[in-house]
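Only this structure's heavy atoms are used, side chains among them; waters, hydrogens and symmetry mates stay out.
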Amino acid sequence: MFKDRVLSGMRPTGYMHIGHYHGALKNWIALQSQMECFYFVADWHALTTNYDDPRVVAKSTFEMVADWLGAGLNPDQCTIFLQSQVPQHAELSLLLGMITPLGWLERVPTYKEQQDNLNEKDLTTYGFLGYPLMQTADIIVYRANKVPVGEDQVSHLEISREIARRFNHIYGREPGFEEKAVLATKKLGGKLAKEYESFKTAYNQDGNAEALDKAKKLVVAAGSLSNAEKEMLVGFLTGARKTILPEPQALLTPTSKLIGLDGRKMSKSYGNAIDLREPAASVEKKVRAMKTDPKRARRTDPGNPDDCPVWTLHEVYSDDARKAWVREGCTTAGIGCLECKQPVIEAINAELAPIQARIAEIEAKPDYVKDVLRAGCARAREVTETTMRDVRDAMGLAEL
Ligand code: SF4
């Protein structure tokens with residue numbers, strides 16, 4: 001049983017490219033054997049911006065999941081599911097909407113930014129504004145404590161933490177919490193109870209951090225208390241309320257951002273990507289045609305790898321010796337660009353060959369991807385329902 005739970009998702013964009021693989025998927029694959037991982041197809045999120053083009057969503061889902069599996073996600077090690085088949089995400093998003101101030105959502109930096117970037121679309125919708133709320137629900141409905149993000153995305157998690165904190169603040173106090181805490185203190189026994197009280201007073205009156213630390217140790221070591229009572233007494237020390245929805249933490253992950261064939265970010269919509277399913281001959285053709293440092297107009301002109309998109313591929317696919325060869329050869333015009341590209345072509349094709357073989361096997365089994373998703377959704381519903389029972393109870397909703 002793993003201590004940490006990870007949640008991460010991707011919008012259904014169809015076939016994955018090597019940018020997805022090196023930017024996220026490889027990391028997901030590594031994590032599945034280290035933590036309890038939930039990976040989902042964010043099809044509701046896709047509708048926040050593509051609500052007017054729904055036909056592609058389902059098809060893209062199956063293509064994308066086949067690529068995930070081909071790349072190495074193992075449904076026996078992680079849970080792979082479809083967001084729209086786990087209604088608990090929507091329920092929690094709705095309930096969190098009751099307590100989330102509108103200003104918090106309007107101030108999310110990507111809200112204005114994306115509206116400007118996608119200005120051909122009318123994004124003055126409730127769904128688009130509520131996107132960070134749904135994202136928060138996606139994470140905390142699993143009580144996931146780790147969310148893999150690159151360094152530039154750490155701030156995106158802040159609103160999720162704020163919403164969880166607000167929820168715990170409003171609903172976290174159990175009925176009769178103080179009475180129960182007093183009873184638990186008595187269970188410590190005369191001497192320990194007295195010490196606990198005096199440490200608690202020293203912390204609350206004088207801010208004595210050492211006293212707080214000693215009190216926590218005393219509680220944790222107490223043999224007469226259950227774990228729930230210990231948790232309660234630790235919370236009682238600082239006046240903290242019960243944590244119903246834990247605040248998620250960023251799991252900083254190494255991400256490589258592959259540059260596309262034309263020097264812009266690798267993206268399907270720019271048509272500058274190499275798909276995981278790209279045939280070897282097509283990889284060769286694309287990389288050979290790839291832009292290089294514009295200063296190398298002729299074979300005899302020296303160049304600078306830092307100004308060349310091919311270098312970003314070397315950074316991912318080449319070892320130090322090869323990279324040194326590129327730097328030396330490029331800056332002295334000792335190698336030509338086609339010569340420089342050849343080892344990258346070979347490395348990409350060597351990486352893609354086993355992935356493509358697995359994708360072919362997966363797609364040869366007609367319902368395999370659907371079966372993986374069905375099993376994942378069942379597991380996801382089971383886990384999220386546990387959270388939702390606590391949330392409904394905390395918010396005073398009746399059970400029938
Ligand atoms: S030699 Fe390599 S790094 Fe230098 S410009 Fe050509 S492709 Fe780019």
Side-chain angles (χ1 to χ4, degrees), residues 6-33 37-46 50 53 55-85 148 150 253-261 265-284 286-287 313 316-317 345 347-377 380:
V6 170
L7 186 283
S8 196
M10 279 190 214
R11 287 179 178 216
T13 50
Y15 297 140
M16 299 273 90
H17 54 63
I18 58 173
H20 295 122
Y21 181 66
H22 288 280
L25 259 181
K26 242 174 115 171
N27 190 40
W28 283 13
I29 293 159
L31 288 173
Q32 66 184 346
S33 57
C37 295
F38 288 82
Y39 298 130
F40 71 103
V41 180
D43 54 349
W44 275 333
H45 285 289
N50 287 343
D53 187 16
R55 285 161 305 161
V56 296
V57 175
K59 183 172 177 287
S60 300
T61 295
F62 300 126
E63 291 168 352
M64 183 167 85
V65 174
D67 281 5
W68 288 0
L69 297 167
L73 277 192
N74 179 351
D76 292 331
Q77 285 189 298
C78 63
T79 302
I80 302 169
F81 67 95
L82 185 58
Q83 184 188 29
S84 62
Q85 293 293 309
T253 51
T255 51
S256 27
K257 288 208 170 62
L258 280 187
I259 303 288
L261 301 167
K265 180 182 164 227
M266 188 174 284
S267 160
K268 192 180 287 276
S269 52
Y270 293 152
N272 64 0
I274 295 175
D275 286 346
L276 294 186
R277 300 173 186 235
E278 200 83 46
S282 173
V283 171
E284 178 161 10
K286 282 184 169 179
V287 176
L313 293 177
V316 170
Y317 287 100
I345 293 169
I348 294 174
N349 281 333
E351 181 177 72
L352 294 187
I355 295 177
Q356 291 175 355
R358 280 195 298 267
I359 294 173
E361 273 173 37
I362 288 159
E363 294 198 328
K365 299 182 232 169
D367 275 332
Y368 182 71
V369 171
K370 275 191 184 169
D371 289 344
V372 165
L373 285 169
R374 281 193 196 108
C377 290

*Would you name the heavy atoms of K268 and G14 that are closest together and state the gap between them?*
NZ-C, 4.2 Å
*Are the side chain of N272 and the backbone N or O of K265 linked by a donor-acceptor pair below 3.5 Å?*
yes
*Got a donor-acceptor contact below 3.5 angstrom from the E278 side chain to the E284 backbone?*
no
*Indicate yes or no: at least one non-hydrogen side-chain atom of V372 is less than 4.5 angstrom from one of P75.*
yes
*Consider only side-chain N and O atoms of H22 and Y317, and report whether a donor and an acceptor are under 3.5 Å apart.*
yes
_Treating K286 as the side-chain partner and A273 as the backbone partner, does any N or O pair qualify as donor plus acceptor under 3.5 Å?_
yes
_Minimum-distance pair of heavy atoms, taken over all atoms of L352 and I18_ = CD2-CG2, 4.1 Å
*Does the D67 side chain pair with the main chain of Y15, one donor and one acceptor, at a distance under 3.5 Å?*
no
*Hey, are E363 and R277 close enough for a salt bridge, meaning a charged N less than 4.0 Å from a carboxylate O?*
yes
*For L69 and R358, which heavy atoms make the closest approach, and how far apart are they?*
O-NE, 4.2 Å
*Chi angles and distances behind the side chain to side chain contact (heavy atoms under 4.5 Å, CB included) call for W68, L25*: CA-CA 7 Å; W68 288 0; L25 259 181; 3.7 Å; yes
*asked:* Under a 4.0 Å threshold between the charged nitrogen and the carboxylate oxygen, would E63 count as salt-bridged to K59?
replied: yes
_NZ/NE/NH1/NH2 to OD/OE distance under 4.0 Å, D367 and K370_ = no
*Is there side-chain contact between L31 and P148, with at least one heavy-atom pair below 4.5 Å?*
yes
_Tell me whether the rings of F81 and F40 are parallel (<30°), tilted (30 to 60°) or perpendicular (>60°)._
parallel
